[in-house]
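Each chain gets a letter, A, B and so on, in the order the sequences are listed, and its residues count up from 1.
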Amino acid sequence: MFTKIKYSVDIDKKWQKKWAEQNLYRFNEKDLSKKLYCLEMFSYPSGANLHLGHWYNYAAPDTWARFKRMNGYNVFHPQGFDAFGLPAENYAIKTGVPPEKSTRKNIQTMTEQLKRIGATFNWEYTLNTCDEEYYKWTQWIFVQMYKKGLAYRKDAPVNWCPKCNTVLANEQVVNGKCDRCGTDVYQKKMNQWFFKITDYAEELLQGIDKLDWPEKTKKIQKNWIGKSNGALISFDIEKEDGTTITLEAFTSRADTLCGLSYVVLSPEHEKVLDIVYNSHKEEVIKYIENAGKITELERMLNERKRTGVFTGAYAINPINGKKVPVWVADYVIASYGTGFVMAVPAHDERDFDFAQNHNLPILQVITDTKSDKFVTLPFCNHGKLVNSGKYNGLTTEAAITTIVKDLEKVGKGKLTSMYRLRDWLISRQRYWGTPIPIVYCEKCGEVPVPESQLPVKLPKNVEFTPTGDSPLKSCDEFMNTTCPICGGAARREADTMDTFVDSSWYFLRYPDNKNSHEIFNKEKINAMLPVDKYIGGQEHATMHLLYARFFTKVLRDLGYLNFDEPFLSLIHQGLILGPDGAKMSKSKGNTICPDDYINKYGSDVFRMYIEFAFSYVTGGPWSDTGIEGVAKFFTRIEKMFAEFYSLVSIKYDIIPQFDKDLVYAKNFAVDNISKDIEKFQFNTAIARLMEYTNAIYDYMKKEKINYALLKDCLDCYIILLSPFAPHFAEELWEQTDHTISVFNEKWPSVDEKALVKDKMNITIQINGKVRSNFLTDVNLSEAELINEAVSSAQKYLINKKIIRTIYVPQKLINIVVSDN
RNA sequence: GCGCUUGUGGCGGAAUUGGUAGACGCUGCAGACUUAAAAUCUGUUGGCCGCAAGGCCGUGCCGGUUCAAGUCCGGCCUAGCGCACCA
């Protein structure tokens with residue numbers, strides 16, 4: 001029998017225990033026909049309490065997952081930890097506690113706290129990237145990639161963070177500063193490991209359009225890959241000794257070739273010293289040395305001043321044989337294109353600026369298509385060609401293909417594309433990460449560790465304070481090993497991998513997390529993936545989300561996967577800011593601790609509040625005004641049920657007219673709540689639930705009540721409530737004489753007939769302004785409606801002439817009038 | 001500099017994609033219950049004019065398209081994000 005319920009944190013505990021005992025949310029591995037892989041980005045095991053961001057990231061998608069579960073889906077909803085990385089190591093440096101120890105402890109605390117959300121997580125599938133059983137396979141992937149030539153080592157100028165004492169990937173440098181600590185990053189030439197993500201540039205780009213991802217994220221990723229169509233053009237350069245050397249330049253404006261007035265090499269270009277004349281050598285070397293000292297940041301600041309030096313050499317324009325001077329200038333960057341550029345000052349701002357500074361000729365070869373009027377230089381738009389011999393009059397588009405075709409005939413040009421995307425630098429001079437499974441043997445050189453010897457274990461007792469050199473180097477027992485090929489003495493690679501490597505494939509491991517003899521069972525993973533719904537922050541648009549796509553494609557090409565994309569549908573949760581509107585941070589002291597709220601109100605109130613108070617994908621500043629309102633809403637629900645059980649039951653068979661409102665309200669609620677949850681619009685879904693609550697209250701005030709109908713509506717009510725307040729709904733379900741669990745119930749379906757109204761409210765507009773409205777029968781014809789509207793709006797029509805009427809079905813009639 | 005996104009009551013936020021702006025809730029105000037308070041319930045709550053009926057104004061600003069604009073177009077302002085010598 002129903003006893004009065006008072007929802008509190010005790011009810012959370014009761015049901016969390018029962019659900020765990022029954023393993024209620026168990027994933028059924030046997031039948032994957034309706035599997036649904038719902039995944040939130042895993043979190044970093046930080047020491048402090050679970051913060052608001054975690055709650056927001058996990059609780060709301062759990063509402064979606066529960067909804068899907070009740071709609072018959074076999075929901076797979078795993079949870080794990082991205083445990084390697086800088087924060088644990090920095091914490092260790094500060095406190096002296098080894099990262100291993102603090103991380104394990106944090107994982108334990110966080111797991112307990114995550115359980116307090118009362119989510120449908122499948123904990124038996126958990127993983128942790130710093131476990132040997134996990135990173136063994138991270139290393140295994142590295143070795144597979146190495147064998148395919150996708151992991152390679154090279155000397156390259158890399159981004160160095162002097163504070164973190166490590167190199168960074170391009171993706172981790174933001175405005176010339178370290179993404180992590182904000183320190184100015186500078187370039188350093190080092191020998192490092194890279195993943196050849198550029199091999200997949202085109203496919204990564206092409207695949208984006210097919211994804212159900214936020215448009216903005218797709219755009220960010222497209223821009224990051226940065227495809228640019230153009231042509232490679234070869235220039236012969238005459239050296240001082242009389243020989244010539246040929247260099248290729250990439251350009252998107254081959255049409256401007258006749259306006260060429262010089263060519264430029266970047267200071268880092270390997271052929272600079274080969275080309276330079278003796279008379280200019282000293283000056284050029286000095287220039288290169290200076291250019292090397294400038295950091296990324298300074299380069300950006302000095303973006304207006306374009307410096308450079310002449311090499312003494314001349315290049316031949318392949319289209320007309322004209323000789324142009326060869327310069328070295330740091331406005332040409334070595335890492336994009338070929339590091340060698342053709343300069344057309346009349347039609348490029350940078351070249352124009354440079355030419356003016358150095359008194360180089362400026363030849364106009366493009367003019368406006370529409371007017372032959374004088375155009376101001378530099379003219380960078382498209383147009384038509386002038387001063388270009390036989391190409392005169394062609395549009396720029398046509399000229400590009402014509403000119404490149406002509407060049408191609410003499411082997412001097414071809415159409416091609418360039419990408420902005422660089423290979424992914426994965427070496428880190430840090431301790432707390434996956435060791436790179438490579439050994440260096442004096443005889444055999446660089447040798448990948450064979451699969452049978454994996455994992456290369458991360459040693460425990462290492463001095464991990466960063467010195468700028470890899471901490472593992474100081475650990476002899478780690479470093480000294482034997483060569484897997486010849487058995488002779490060898491040294492291990494001392495760097496560890498970027499933590500983004502760990503997170504690039506974790507979603508592939510969850511469904512088969514205990515597999516000890518292979519990375520995962522192919523059949524199983526191909527049946528379980530792709531992830532159907534992925535939820536996480538937008539800040540990963542050019543990092544994790546790109547890397548994970550890359551790994552998926554690599555593993556597919558290695559024969560392990562039969563799909564191309566890991567995450568079909570992606571949602572970004574908004575960011576919850578501090579009450580001051582600034583990003584929450586401990587240093588600013590504007591963090592919010594969910595625990596206080598949970599202890600006071602219970603986790604369901606907290607969950608429903610964060611779902612109700614924000615638009616999920618937008619987020620916003622935190623404020624707890626309103627959480628009382630949600631708590632009150634819970635009380636109102638409790639009272640609603642108490643009131644129902646106190647009613648004298650009056651039963652009758654014929655549903656009178658006044659039951660219609662309730663039936664409508666129920667179906668309206670089911671319809672809209674379902675649609676809104678599906679779209680992650682939890683705030684409006686909850687609003688509709690509140691409306692349904694009000695409708696039930698209204699009904700209970702009536703003189704005559706159809707008890708069976710009301711009971712049915714209340715049962716439905718509990719189901720609709722359950723994804724938003726799982727513990728509370730489960731308690732109500734039990735108290736209203738049902739067998740648990742409410743989560744085994746089928747989500748209600750909509751009776752479309754109940755949503756058809758027999759009356760409609762038509763708005764009357766006069767000249768587009770709302771004047772009045774009238775309630776009428778839905779079956780009336782347009783003509784009848786207009787008549788009714790005109791007669792009911794008589795007072796607005798005095799001395800007016802009706803010009804036309806517009807009828808919007810079921811909604812409004814606009815009467816357009818003029819003065820008589 | 002280029003590209004994208006945002007701007008709605010005192011507050012959080014709605015608005016079926018061009019069709020009654022402000023759903024739902026918070027706050028405030030008034031009332032009921034109470035010795036009183038809390039809790040609960042009932043009304044009310046964009047601004048201005050009006051006793052009222054009613055009217056005028058109103059979705060960052062200026063203009064436009066349309067019978068009709070928060071929604072579409074052009075320009076500007078604001079806040080935020082992405083890229084930034086990409087040839």
Applying ring pair (Phe, Tyr, Trp, His ring centres under 6.0 Å) between Phe606(A) and each of Phe612(A), Tyr56(A), Trp55(A), Tyr601(A), report the one that passes.
Trp55(A)

What's touching nucleotides 32-34 of chain B from the protein side, N or O pairs under 3.5 Å?
none

If the condition is salt bridge (charged side-chain N to carboxylate O under 4.0 Å, His left out), which residues does Lys679(A) pass it with, not counting sequence neighbours?
none

Under 4.0 Å between a side-chain N/O of Arg350(A) and OP1 or OP2 of C86(B), yes or no?
yes

Just how far, in rounded Å, is C1' of C81(B) from NE2 of His572(A)?
12 Å

Given A87(B), is OP1 or OP2 found less than 4.0 Å from the side-chain N or O atoms of Tyr336(A)?
yes

Given C86(B), C24(B), C41(B), which nucleotide is nearest the side-chain atoms of Lys639(A)?
C41(B)

Asn590(A) side chain to Asp580(A) side chain, donor-acceptor N/O pair below 3.5 angstrom
yes

Would G63(B) be called syn or anti here, given the cut-off of 90° from 0?
anti

How far, in whole Å, is G10(B) from A23(B) if one measures between their P atoms?
14 Å

Could you tell me whether the side chain of Arg420(A) has a donor or acceptor atom within less than 3.5 Å of a complementary atom in the base of C83(B)?
no

Test item: side-chain donor near acceptor, Asn814(A) and Arg771(A), under 3.5 Å
no

For atom CH2 of Trp224(A) and atom C1' of A84(B), their distance in whole Å
11 Å

Checking Tyr336(A) against Ser266(A): is there a side-chain donor and acceptor pair closer than 3.5 Å?
no

Check RNA chain B against residues 669-680 of chain A and give the residues with a non-hydrogen atom under 4.0 Å, in numerical order.
none

Sugar-phosphate only, base, or nothing, as touched by Gly581(A) at under 4.0 Å among non-hydrogen atoms:
nothing

Assign Gly629(A) to base, sugar-phosphate, or nothing according to its heavy-atom contacts below 4.0 angstrom with the strands shown.
sugar-phosphate

Qualifying residues under ring-ring contact (aromatic ring centres under 6.0 Å, His included), relative to Tyr717(A), sequence neighbours excluded
Tyr692(A)

Side-chain donor-acceptor pair present, Arg253(A), Thr396(A), cut-off under 3.5 Å:
no

How far, in whole Å, is U45(B) from G22(B) if one measures between their P atoms?
12 Å

What is the distance, rounded to the nearest whole Å, between atom CG of Leu546(A) and atom P of C83(B)?
12 Å

For G55(B), does OP1 or OP2 lie under 4.0 Å from any side-chain N or O of Arg771(A)?
yes

Asn683(A) and Ser615(A) side chains, donor-acceptor separation under 3.5 Å
no

Measure from CZ on Arg253(A) to C1' on C86(B) and round the result to the nearest Å.
15 Å

Among the nucleotides C24(B), C67(B), A87(B), whichever has the atom closest to the side chain of Ser228(A) is A87(B)

Produce the list of close N/O pairs, under 3.5 Å, pairing protein atoms with atoms of nucleotides 2-11 of chain B; give distances to one decimal.
unit_1	atom_1	unit_2	atom_2	d
C4(B)	O2	Lys216(A)	NZ	3.2

Report all interatomic pairs (protein N or O, nucleotide N or O of nucleotides 14-21 of chain B) with separations under 3.5 Å.
unit_1	atom_1	unit_2	atom_2	d
A14(B)	OP1	Ser615(A)	OG	3.4
A14(B)	OP1	Asn683(A)	ND2	3.2
U16(B)	N3	Lys811(A)	NZ	3.4
G19(B)	N2	Gln765(A)	OE1	3.4
U20(B)	N1	Thr763(A)	OG1	3.3
U20(B)	O4	Asn761(A)	ND2	3.2

Under 4.0 Å between any heavy atoms, over every strand shown, what does Lys701(A) touch: base, sugar-phosphate, or nothing? Just pick one.
sugar-phosphate

